[in-house]
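Below is one structure, written out as structure tokens, with a few remarks after it.
Residue numbers start from 1 in every chain, and the chains themselves are labelled A, B, ... in the order their sequence lines are given, proteins ahead of strands.
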Amino acid sequence: MCLTCGCGHDEAHVEGDGAGWHTHADGTRHRHDHAHDHAHMHAHEHQHAHEHEHEHEHEHGAAGHLHFGDGPAGAVATGMSQSRMVRVERDILAANDAIAERNRERLRARGIFALNLVSSPGSGKTTLLVRTIERLAGVAPVAVIEGDQQTSFDAERIRATGAPAIQINTGKGCHLDARMIEIALGRLAAADDSVLMIENVGNLVCPAGFDLGEAHKVVVLSVTEGEDKPLKYPDMFHAASLMLLNKVDLLPHLSFDVERCLANARQVHPGIEIIEISATSGQGMADWLAWIERGARVSRHRPGAAPHSAPGVVEPTRSAPVAAAAQRS
Amino acid sequence: MHEMALAEGVREIVDQAARSNGARRVAAVRVEIGRLAQVEVEALRFAFEVVKRGSAADSARLEIVESEGSAWCMRCSESVVISGRGEPCPKCAHYQLQVTGGDRMRVLEIEID
């Protein structure tokens, strides 16, 4: 479990999964209904060499071990140390990054402009998203991937707007990873040339480190939080291209120092773009929509004319994005 | 952040490397963690102790090499050492910095029997 936030990786669930299915951080998917841990304290001498093969159902008995007692290195030459160094030089997040790159390519091929929305819980992301979808109606079709530890409330709120949405429940997980997005993309009826909003788990720490394949991270900070958040969570504000300072309609009731907040954000990330916005009053919405439209226009200029999806992607209903709301859940 | 997920990533890389080199046992794992890589080193150590069980790295010791954060200061036009994002340039005290190093997390090498 993640010591910072309680993140565990064995309970992720994408809508449409049967009970018990889950996705591990390494992308393996399997199901089992029992809780277990692999703390084996006994010394054992047995010779079997086995390992998990994934993408299948299996039972864990004494499995989960890797044994190398039979390999060629088992031939010990007396008097010679067999110990040797092997250079590896691999990025720890290489597996995630490779899938993220695959997602990015898949989105690019279909002209989809993907944004990864990150924030603390309660920053108003979902409300902002709902208003954004309403305002984009007739301009660009929007599809949404919702990430939360539990419940599908947010996806239901999005679907009420008519946009296709899919919920990912990360269980104990504190962030979305590229593999979850890959699976969700296969089930989401996202139209070609659309805007894909990925609403990450409310958390200003972990989502900063995981590339999902998005075009940009957008960090939402509400004025009910605190001007110093960019300094407290610098990695997130550094990773984001755009900061939406949300709920500015509440400023008359607060002692929030906007200038100091913006200065803090720029201190961490000199090039960050900033829009002051309110989903309630509509202030700043035009700027935000224009920002999206600029990015979406670039994404629509994709190589090759034939809009073709990767295997497994539900074919979109291009002329009627609203009708695309019907989907598996 | 999520050191458990990172520890699982380390274990997988080590398992693969051990397998492809016909290792009987992994004695040590050396990883590089940049000071700007958002990793709590002690949490990573703890997590690795948990996830290594039952893997090729079951009895491996974890050696962590921390690499310094570096950034290009646009005002000084030179490379400077920083200890975190959002910190000022140690020379001119301004914040016009572009991180250039110390944000990586890598498995460098393993020692095998």
Side-chain angles (χ1 to χ4, degrees), chain A residues 1-5 7-9 24-26 37-41 51 63-74 76 81-96 173-175 177 203 205-210 230-231 234-235 237-238 264 266-271, chain B residues 1-33 36-40 42-43 46-47 50-51 53-56 58 74 84-88 95-99 104-113:
Chain A
M1 186 185 303
C2 170
L3 301 173
T4 307
C5 60
C7 159
H9 289 277
H24 285 267
D26 60 0
D37 74 49
H38 291 291
H40 298 271
M41 300 302 286
E51 56 190 272
H65 302 253
L66 286 174
H67 295 286
F68 295 90
D70 296 333
V76 178
S81 167
Q82 280 202 310
S83 179
R84 63 191 167 102
M85 301 302 291
V86 177
R87 299 224 42 93
V88 181
E89 307 233 335
R90 282 195 60 197
D91 278 1
I92 295 173
L93 287 176
N96 183 77
C174 52
H175 57 269
D177 64 37
N203 175 352
V205 185
C206 310
F210 286 80
L231 301 183
D235 295 309
F237 289 83
H238 187 269
N264 288 343
R266 293 195 174 106
Q267 175 177 325
V268 172
H269 183 176
Chain B
M1 51 185 198
H2 43 270
E3 280 71 10
M4 187 57 88
L6 299 178
E8 286 171 348
V10 172
R11 181 192 59 198
E12 265 152 54
I13 290 169
V14 170
D15 268 350
Q16 272 178 21
R19 202 157 48 230
S20 60
N21 286 283
R24 205 160 46 95
R25 189 179 81 92
V26 178
V29 177
R30 186 163 302 130
V31 301
E32 175 192 356
I33 303 292
L36 308 182
Q38 319 163 41
V39 178
E40 194 57 56
E42 286 314 308
F46 177 83
V50 176
V51 305
R53 293 177 193 160
S55 80
D58 199 317
M74 294 168 201
R85 291 188 205 277
E87 304 244 317
Y95 294 94
Q96 300 296 310
L97 297 173
Q98 185 73 43
V99 170
R104 298 187 74 176
M105 300 177 277
R106 291 188 302 165
V107 176
L108 295 175
E109 56 190 0
I110 59 174
E111 186 183 333
I112 58 176
D113 291 339

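- The candidate with the highest count of non-hydrogen atom pairs below 4.5 Å against chain B, out of A:Pro270, A:Gly271, A:Pro230, is A:Pro270.
- Taking CD1 from B:Ile110 and CZ from A:Arg87, the interatomic distance works out to 11.5 Å, rounded to the nearest 0.5 Å.
- Between B:Val29 and A:Val88, every side-chain heavy-atom pair lies at or beyond the 4.5 Å cut-off.
- A heavy-atom distance below 4.5 Å is found between the side chains of B:Leu6 and A:Leu93.
- With a threshold of 4.5 angstrom between heavy atoms, B:Ala17 approaches chain A through side-chain atoms but not through N, CA, C or O.
- By the side chain to side chain donor-acceptor pair (under 3.5 Å) test, B:Arg104 is found to be paired with A:Asp91, residues two or more places apart in sequence or in another chain being considered.
- In this structure, CE on A:Met85 lies 9.0 Å from CG on B:Leu108, to the nearest 0.5 angstrom.
- Within the 4.5 angstrom heavy-atom criterion, no atom of B:Gln98 approaches chain A.
- To the nearest 0.5 Å, atoms CD (A:Gln267) and CG (B:Leu97) are separated by 9.5 Å.
- Across B:Gln38 and A:Gly209, no two heavy atoms sit closer than the pair OE1-N, 3.9 Å.
- Residues passing the side chain to side chain contact (heavy atoms under 4.5 Å, CB included) test with A:Arg266, sequence neighbours excluded: A:Leu262, A:Ile272, A:Ile274.
- Taking CD1 from A:Ile92 and CD from B:Glu32, the interatomic distance works out to 9.5 Å, rounded to the nearest 0.5 Å.
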